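Below is one structure, written out as structure tokens, with a few remarks after it.
All values derive from a computational prediction rather than experimental measurement. Note on naming: letters A, B, ... go to the chains in the order of the sequence lines (proteins, then strands), and numbering restarts at 1 for each one.
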Number of protein chains: 2
Amino acid sequence: MTPLTATKRRRATGRVTLHDVAQAAGVSPITASRALRGERSVATELVERVTAAVAQLGYVPDPAARALASARSNQVVVLIPLLSNGLFVDLLDAAQRTLLAAGYQSLIGVTHYHPEEEEALLRTYLMNRPAGLIVTGFDRTDAARALIEGSGIPCVHVMENRAGPALPSSALHSVGFSQQAAGHAMTAELMRRGYRRIAFAAAQLDPRTLQRVEGYRAALGDAHDPALEFMDAAPSSFALGAALLDRVLAQAPDADAIFFNNDDLAQGALLQALRIGVQVPGRVAVVGFNDLTGGDQMLPPLSTVRTPRGDIGLHAARMLVALMHGEAVPERCVDLGFELVLRESC
Amino acid sequence: MTPLTATKRRRATGRVTLHDVAQAAGVSPITASRALRGERSVATELVERVTAAVAQLGYVPDPAARALASARSNQVVVLIPLLSNGLFVDLLDAAQRTLLAAGYQSLIGVTHYHPEEEEALLRTYLMNRPAGLIVTGFDRTDAARALIEGSGIPCVHVMENRAGPALPSSALHSVGFSQQAAGHAMTAELMRRGYRRIAFAAAQLDPRTLQRVEGYRAALGDAHDPALEFMDAAPSSFALGAALLDRVLAQAPDADAIFFNNDDLAQGALLQALRIGVQVPGRVAVVGFNDLTGGDQMLPPLSTVRTPRGDIGLHAARMLVALMHGEAVPERCVDLGFELVLRESC
DNA sequence: CTGTTAGCGCATTCAG
DNA sequence: CTGAATGCGCTAACAG
């Protein structure tokens with residue numbers, strides 16, 4: 001073996017390495033590395049020389065080598081319950097865009113609303129030493145929570161907030177809105193419009209749905225009647241919405257309004273009402289939640305609660321980027337609010 | 001410096017490495033590595049010892065180190081046009097599940113139907129040295145094609161097939177169905193039912209849409225009338241479907257059927273028909289494409305073409321896994337067919 | 001079937 | 001502000 005310990009020959013692989021760039025720029029590899037990563041402590045002229053060499057040689061950094069050397073990848077894990085709900089797609093799309101623009105790749109995991117699946121995904125993805133985490137809500141296994149905490153990786157929670165003094169772990173970051181307040185606001189609006197027997201029809205029964213029920217109950221106060229709550233753990237769908245309308249009509253014929261926990265349920269109910277000749281809002285008013293696509297095309301157009309999922313994705317990604325850069329984040333819990341969209345179904 | 005070149009001390013980092021596992025199992029690191037990766041050339045007893053050590057120490061492999069040493073990661077890049085189309089979500093979901101079960105992670109990229117965006121995503125994601133690629137269709141920039149070819153990474157194309165002797169590059173793998181045949185079949189069915197002035201209404205105008213138009217034209221033969229084609233490059237939506245119905249009714253009042261290029265368009269048209277009091281199928285028949293969710297709930301229930309996107313995702317992932325394992329793939333181009341779903345809208 | 005040697009390409013020390 | 005040395009954790013390539 002030739003004694004060229006320092007002057008290592010390049011392998012025959014066509015790959016252009018940082019070494020080559022450094023050589024072409026007449027600097028040391030570490031300077032090239034620093035220049036590329038935008039560390040400020042590099043002379044402007046050297047940065048230019050490096051940049052030129054990169055362009056000339058067509059250098060492409062190796063994320064694996066970076067991750068190995070720095071113990072941190074450029075990937076962000078994003079965990080959502082479902083891909084078949086427009087809600088999460090909008091969230092994801094916004095988050096992914098924002099992260100990509102900031103130089104991060106997204107590793108998307110779908111939990112199907114199962115904490116165990118989430119935990120498994122976390123275990124798998126954490127191997128990659130992601131730079132950041134975006135997770136949905138706060139409902140997870142203790143093990144999952146421990147994994148997140150223990151990893152020391154910045155994490156932003158989306159769709160809900162857990163603010164207030166009662167918060168034990170002061171390190172939680174979140175971007176969302178109050179599901180409870182949203183449930184309350186829509187119910188209050190229905191009451192304001194004179195509806196008295198307001199039913200609540202829900203599917204999936206995930207934590208956020210239950211928070212909306214809380215808001216509904218609180219708004220109703222003494223007028224609340226458990227017999228008007230129609231909860232079904234099956235996933236949300238047009239067909240289930242239709243079935244729930246039938247169920248309400250049969251079991252609570254005096255209901256004058258139905259607050260559906262998600263727009264697809266409400267849209268399905270509207271279609272069913274049309275089918276069986278039930279007047280909306282004459283016989284019964286129908287309102288939904290989330291303002292998913294198509295609601296404005298229904299007969300009658302659906303009243304609903306517009307939730308800011310796109311903005312949530314955007315803000316969460318931005319907050320996470322700040323955390324990953326080690327910057328201070330002014331607001332730990334951002335409430336993006338919601339908006340009542342009142343069309344003709346109530 | 002102590003002369004312990006060989007007997008490297010472990011760093012103070014809590015991380016359990018393959019080294020530790022090997023030591024605990026009383027074998028060399030490479031044997032532990034081989035055992036973990038399931039290489040057959042390891043004695044059963046040693047495999048057991050290694051497995052036990054892994055469990056006992058809670059060893060977790062480092063993907064970055066693996067990728068760096070082997071020049072290949074365990075990630076698969078999946079590129080789809082859109083996340084807001086149920087079609088691609090189903091495809092993605094099935095593919096992701098299958099890949100995960102086989103030990104691969106998915107890197108999802110959304111191209112928004114822009115070849116340039118696809119090329120940029122490819123450039124970005126290829127840095128990770130993915131183990132495989134799943135891309136939608138065949139319509140891409142030359143540069144993107146070159147990137148794929150040049151990378152030498154196994155690639156499966158989905159949603160379309162380019163089979164036949166005319167195929168220059170014999171290395172193409174694909175899983176899909178004939179969009180052309182599907183367009184043809186539905187048109188033929190409408191003709192069989194006695195419709196004579198069949199309009200075609202399309203949005204997005206991506207390559208697969210255009211193939212469906214071809215099928216439509218071929219089925220019509222001499223009866224084809226360009227004035228009955230209503231093409232709009234805007235993205236597909238309920239609202240656009242409604243607008244297209246209006247357009248057809250206004251500009252081609254003698255049209256007795258409309259073949260919508262996607263179900264959301266068709267569903268939007270059905271809603272609009274209800275709104276303006278147009279009888280379906282009495283005044284005009286309406287059919288869609290893809291059999292997206294909700295079609296069966298429409299008034300009347302929507303006739304459409306069911307496309308096997310879930311199966312496509314599954315098969316594509318399986319084929320890719322085989323390719324990544326270096327196995328031979330019997331069929332390079334798999335045609336999964338389609339199915340006419342005839343409900344009451346025609 | 002098992003072990004030895006030698007990096008993969010980069011960033012983290014620490015010097016200067 | 002720049003550089004030298006060192007090793008991240010793992011596997012490829014060869015020996016035996």
- Item | Interatomic distance where CZ belongs to A/Arg72 and C1' belongs to D/dC8 [whole Å] | 13 Å
- Query: Can you check whether A/Thr31 has a side-chain N or O nearer than 4.0 Å to OP1 or OP2 of D/dT2?
  - Reply: no
- Query: So which nucleotide from D/dG9, D/dA4, C/dG9 ends up closest to the side chain of A/Thr17?
  - Reply: C/dG9
- Closest of D/dA12, D/dC1, C/dT2 to the A/Ala43 side chain is D/dC1
- Whole angstrom is fine here: how far is it from CG in A/Leu57 over to C1' in C/dG9? 15 Å
- Message: Using whole Å, what does the distance between atom C1' of nucleotide C/dC1 and atom CZ of B/Arg34 come to?
- Response: 8 Å
- Query: Start at the 5' end of DNA chain C and walk down; is the nucleotide closest to B/Ala65 or to B/Gly26 reached first?
  - Reply: B/Gly26
- Message: Side chain of A/Ser28, heavy atoms from C-beta onward: which of D/dG9, D/dA4, C/dC10 has the nearest atom to it?
- Response: D/dA4
- Nucleotide nearest B/Ala69 (side chain, heavy atoms from C-beta), chosen from C/dG9, C/dG7, D/dT2: C/dG7
- Of the candidate nucleotides C/dG9, C/dG3, D/dA12, which contains the atom at the shortest distance from the side chain of B/Arg37? D/dA12
- Exactly one candidate in A/Leu79, A/Val135, A/Leu91, A/Val334 meets side chain to side chain contact (heavy atoms under 4.5 Å, CB included) with A/Val158; the answer is A/Leu91
- Item | Note, B/Val329 side chain near B/Leu323 side chain (heavy atom, < 4.5 Å) | yes
- Can you tell me how far P of D/dG3 sits from CD1 of A/Ile30, to the nearest Å? 10 Å
- Message: How many whole angstroms separate atom CG of A/Asp62 from atom P of C/dA11?
- Response: 10 Å
- Query: Looking only at side chains, do A/His19 and A/Gln23 share a donor and an acceptor under 3.5 Å apart?
  - Reply: yes
- Task: Mind checking A/Leu18 for me? I need base, sugar-phosphate or nothing, with any heavy atom below 4.0 Å counting as a touch.
- Result: sugar-phosphate
- At their closest point, which heavy atom of B/Thr136 faces which heavy atom of B/Met159, and how far apart are they? CG2-CG, 4.1 Å
- Item | Closest non-hydrogen atom pair, B/Arg97 against A/His112 | NH2-NE2, 3.1 Å
- A/Arg66 side chain N/O closer than 4.0 Å to the phosphate oxygens (OP1, OP2) of C/dA11? yes
- Remember a base hit wins even if backbone is also touched, and classify A/Pro29 as base, sugar-phosphate or nothing at under 4.0 Å, heavy atoms. nothing
- Message: Side chain of B/Ser33 only, heavy atoms from C-beta on: which candidate in D/dT11, D/dC1, C/dA11 is closest?
- Response: D/dT11
- Note on the structure: When rounded to whole Å, the CG to P distance for the pair B/Leu46 and C/dT2 reads 4 Å
- Task: Whole angstrom is fine here: how far is it from CD in B/Glu39 over to P in C/dG3?
- Result: 14 Å
- Roughly how many Å is it from NE2 in A/His19 to C1' in D/dA5, rounded to a whole number? 15 Å
